[in-house]
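Data first, discussion second: the structure below is written as structure tokens.
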Amino acid sequence: MTDSIPYKFDKTHDILDLRQKYEGKIEPGETTEDYVTIAGRLMLSRPQGKIFFGNLTDWTGTVQLFAQENSLTNFRDLTKMSLGDWIGASGYMMRTKKGELSVKLNSFVPLAYTKHGFGDKYKGITDTDLRYRHREVDLWANESTLKVFLARSKVISYIRRYLQDKGFVEVETPILNKIAGGATAKPFVTYHNSLGTDFYLRIAPELYLKRLVVGGFEKVFEIGRVFRNEGLSTRHNPEFTLLELYQAYVDYTDLMVLCENLIYELALMINGTSEVAVGNKLIDLKPPFRRATMEELIFESINERVNVHIPLNELQEIAKKHNVTFDESWMSGKLVLEIYEKTTESDLEGPVFVLDYPKEVSPLARTHRDDELLVERFECIIAGRELGNAFSELNDPKDQLERMTDQARQKKQGDSEAMDVDYDYVRALEHGLPPTGGLGIGIDRLVMLLTGATAIRDVILFPTLKPVEAEFDGDSEN
RNA sequence: GCGCCUCUAGCUCAAUUGGCAGAGCAACGGACUCUUAAUCCGCAGGUUCUGGGUUCAAGUCCCAGGGGGCGCACCA
């Protein structure tokens, strides 16, 4: 059967092209002289005796096919095609008497047959297991899925263009890391045979990128996969896509401007409006975003003054009062962050830049110019979710070494997410890192926000799932 | 890792207090010259996730396991 399938097929138009060119331009019942060739999947089929109607869908849209027995030699074959089969077709642009824009076929050729009749033609596929494990089915059976992933692709290319237009240069740094640095997270471990050594999959590209700034890359970014060996949820996948950018000579206030403008322009590009729907609320992403310190936001939420200058025992009392569980060994910085995350963060509708984090929990950020116990850092929160994280980068090698040493001590004491000392990185700082601002944005969560997806799995083509034993139930086996 | 929910035909879903496992769509055969999830006629389609147990009788109740979802915890 597949012997008759051609090796190539030249189409003249995407279906969207046809819609843009002909929608509203042809009178009902009129057939034009304009000859087009299109290809896609036959998604609906309505043969009706000596005439035929069907819907052909490609990745840009759907158009109706119209055929008559006396003007299409293989008319009978067309009426026998199954839903989901791929076909290529040529014919004249027309509108039916009832007004539907259509292509009046005078030839068609099957391009592939689908052997599995899956997909309810009204409801599509709703089984989440099938949708995630066999995304190719989800993509063709559910129109909205393809749209989400096309939007994701647009977001990423737009970010590249946006940054390149501002003079940023894209680089690639190692995924196999001897030390998993640049964030606090549990890494995956793997092994290199001929070097005879373990490597970690990167948890962030941060340290390498700053080494490039030391080397002279004044504006640099990377968009890439990072890996964190932690739980799965609607907001977490073990591998996810991170944008990190570093710009010499700027501080975190400059990055707020860059961040809010980028998000705003992406919203306009994807949705044509700066408002995005989250649940049943509308959030406007028009800059400027609110800037507020962590202390201010906690106060608004629970009416308590919480900051790192308050004695530890008082902070512990506040935590208890608001049902925030903590470990007695925590120092005030970690406790302040915990109180913020448990009482305040998820209620922040935003968009808001949360400013000035405790130094203790930010080992790569530069000490705040006005407060020794804080760092110049912000997180961008929208709809209770952290989308971005940025700081004025710590560029003092001595300070960096002390903070990493402190982290390593915490790791030894059982904090599996604390960092190791990265001497190569400290040495890089000794070569001189100019004042630099760095920003990271979680691309998956950004795409969720822009497309209205409620689960990170809906914006990752092949999300991490528990493996199941492969069962082959196809009919190609015999 | 813990708790709750869920799994029935290719897809979407039914099945009353435990009582013969069903429908729509798809597929297959046929009718039909303006349909829009076309309509009409016909035919076929099952290890009810798996394994135990209770019972005269289990899709349904119980136990164990597997997949998925949600929540918690960890985190971005």
Side-chain angles (χ1 to χ4, degrees), chain A residues 28-29 31 42-55 62-71 75 79-85 94-102 104 113-134 137-138 141-142 182-187 203-204 226-244 325 337-338 341-342 345 361 379-381 384-389 415-417 440-446 448 454-458 463 465-469 471 473-475:
Chain A
T31 301
L42 185 66
M43 295 299 283
L44 290 171
S45 172
R46 298 181 290 277
Q48 197 168 322
K50 296 187 173 60
I51 62 169
F52 168 91
F53 300 93
N55 289 13
T62 295
V63 72
Q64 178 165 270
L65 303 179
F66 175 69
Q68 289 173 304
E69 187 174 31
N70 57 22
S71 58
F75 178 85
T79 65
K80 300 282 185 202
M81 296 299 286
S82 296
L83 301 191
D85 286 345
M94 65 164 294
R95 265 177 89 184
T96 59
K97 291 174 192 169
K98 294 283 177 64
E100 184 73 31
L101 184 70
S102 307
K104 184 176 178 181
Y113 298 98
T114 174
K115 295 181 174 182
H116 300 278
F118 31 48
D120 186 276
K121 71 182 178 184
Y122 181 48
K123 292 194 175 178
I125 303 269
T126 62
D127 181 72
T128 48
D129 196 22
L130 179 61
R131 288 184 50 228
Y132 296 145
R133 287 187 200 280
H134 293 281
V137 178
D138 184 29
N142 296 325
T184 50
K186 288 177 218 156
I203 56 175
V226 297
F227 306 85
R228 298 189 185 177
N229 204 342
E230 285 153 359
L232 292 77
S233 80
T234 50
R235 292 170 296 280
H236 300 89
N237 197 65
E239 49 178 309
F240 64 102
T241 302
L242 194 58
L243 160 70
E244 285 202 9
T325 53
L337 183 67
E338 188 70 11
E341 285 179 348
K342 288 296 184 299
E345 187 179 62
V361 296
E379 287 196 354
C380 175
I381 307 288
R385 288 199 288 260
E386 179 196 333
L387 283 198
N389 181 19
D415 184 348
S416 58
E417 284 154 15
I441 292 180
I443 298 296
D444 312 274
R445 290 184 179 178
L446 179 61
M448 286 172 69
T454 54
I456 199 167
R457 287 174 176 169
D458 291 327
L465 297 172
K466 204 162 191 169
V468 291
E469 224 174 296
E471 281 179 37
D473 61 351
D475 52 19

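Just so it is clear: chains get the letters A, B, ... in the order the sequence lines come, proteins before strands, and each one is counted from 1.
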Atom CD of A:Glu341 to atom P of B:rC72: distance rounded to whole Å?
-> 14 Å

How does RNA chain B read in dot-bracket, base by base from 5' to 3', with Watson-Crick or G-U pairs under 3.5 Å and | used when the partner is on another strand?
-> (((((((..((((.....[..))))..((((.......))))......(((((..]....))))))))))))....

Does A:Asn389 use its side chain to pair, donor to acceptor, with the backbone of A:Gly440 at less than 3.5 Å?
-> no

Can you tell me how far CG of A:Asp129 sits from CG of A:Leu465, rounded to the nearest 0.5 angstrom?
-> 7.0 Å

Can you tell me how far P in B:rU16 sits from the matching atom in B:rG59, rounded to whole Å?
-> 12 Å

Expected output: side-chain A:Gln64 to main-chain A:Phe53 donor-acceptor under 3.5 Å | no

Could you tell me the separation between the NZ atom of A:Lys121 and the CE atom of A:Met43, rounded to the nearest 0.5 Å?
-> 11.0 Å

Which nucleotide in the set B:rU12, B:rC34, B:rA76 lies at the smallest distance from any side-chain heavy atom of A:Lys123?
-> B:rU12

Identify which nucleotide among B:rC74, B:rA27, B:rU36 has an atom closest to any side-chain atom of A:Arg46, counting heavy atoms from C-beta outward.
-> B:rU36

Taking the side chain of A:Ile51 as heavy atoms from C-beta outward, which of B:rA76, B:rC34, B:rG67 is closest to it?
-> B:rC34

Of the candidates B:rA26, B:rC34, B:rC11, the side chain of A:Leu130 sits closest to B:rC11

Considering only B:rA26, B:rA27, B:rC34, which nucleotide approaches the side chain of A:Lys121 most closely?
-> B:rA26

When the distance from CD1 of A:Ile125 to C1' of B:rC25 is rounded to whole Å, what number comes out?
-> 12 Å

Taking atom CZ of A:Arg228 and atom CG of A:Leu242, what is their separation to the nearest 0.5 Å?
-> 6.5 Å

Would you say B:rC34 has OP1 or OP2 under 4.0 Å from some side-chain N or O of A:Arg95?
-> no

For B:rC7 versus B:rU54, give the span between their P atoms, rounded off to a whole number of Å.
-> 25 Å

From the list B:rA76, B:rC34, B:rG68, which nucleotide is the closest neighbour of the side chain of A:Phe53?
-> B:rC34

B:rC34 phosphate, OP1 or OP2: any side-chain N/O from A:Gln48 under 4.0 angstrom?
-> yes

Tell me: CG of A:Asn142 to P of B:rU12, nearest whole Å?
-> 9 Å

Report the residue (A:Phe66 or A:Thr126) whose heavy-atom-nearest nucleotide on RNA chain B is the more 5′ of the two.
-> A:Thr126

Write down the distance between CZ (A:Arg133) and P (B:rC49), rounded to a whole number of angstrom.
-> 17 Å

Nucleotide nearest A:Asp129 (side chain, heavy atoms from C-beta), chosen from B:rC70, B:rG68, B:rU33 = B:rG68

Using atom P of each nucleotide, how far apart are B:rC61 and B:rU6 to the nearest Å?
-> 9 Å

From the options B:rC74, B:rC34, B:rA76, select the nucleotide whose nearest atom is closest to the side chain of A:Lys342.
-> B:rC74

Measure the acute angle between the ring planes of A:Phe52 and A:Phe75, then classify it against the limits of 30° and 60° as parallel, tilted or perpendicular.
-> perpendicular

Take atom NZ of A:Lys50 and atom C1' of B:rU33, then tell me their distance rounded to the nearest Å.
-> 8 Å

Using a cut-off of strictly less than 4.0 Å, decide whether A:Ser82 has a side-chain nitrogen or oxygen near OP1 or OP2 of B:rC28.
-> yes

Going by modelled atom types, is there a donor-acceptor pair between the base of B:rG24 and the side chain of A:Asp120 at under 3.5 Å?
-> yes

Interatomic distance where CD belongs to A:Glu230 and P belongs to B:rC72 [whole Å] | 17 Å

Determine the interatomic distance between P on B:rG3 and the same-named atom on B:rA21; round to the nearest Å.
-> 35 Å

Nearest nucleotide by nearest heavy atom, which residue falls closer to the 5' end of RNA chain B, A:Leu44 or A:Met81?
-> A:Met81

Measure from the side chain of A:Thr234, starting at C-beta and using heavy atoms only, and say which of B:rA73, B:rA37, B:rC70 lies closest.
-> B:rC70

Distance in angstrom units between A:Asn55 CG and B:rA26 P, rounded = 13 Å

Sticking with atom C1', work out how far B:rA38 lies from B:rC32, rounded to a whole angstrom.
-> 11 Å

Rounded to the nearest angstrom, tell me the gap between atom CG in A:Leu232 and atom P in B:rA73.
-> 16 Å

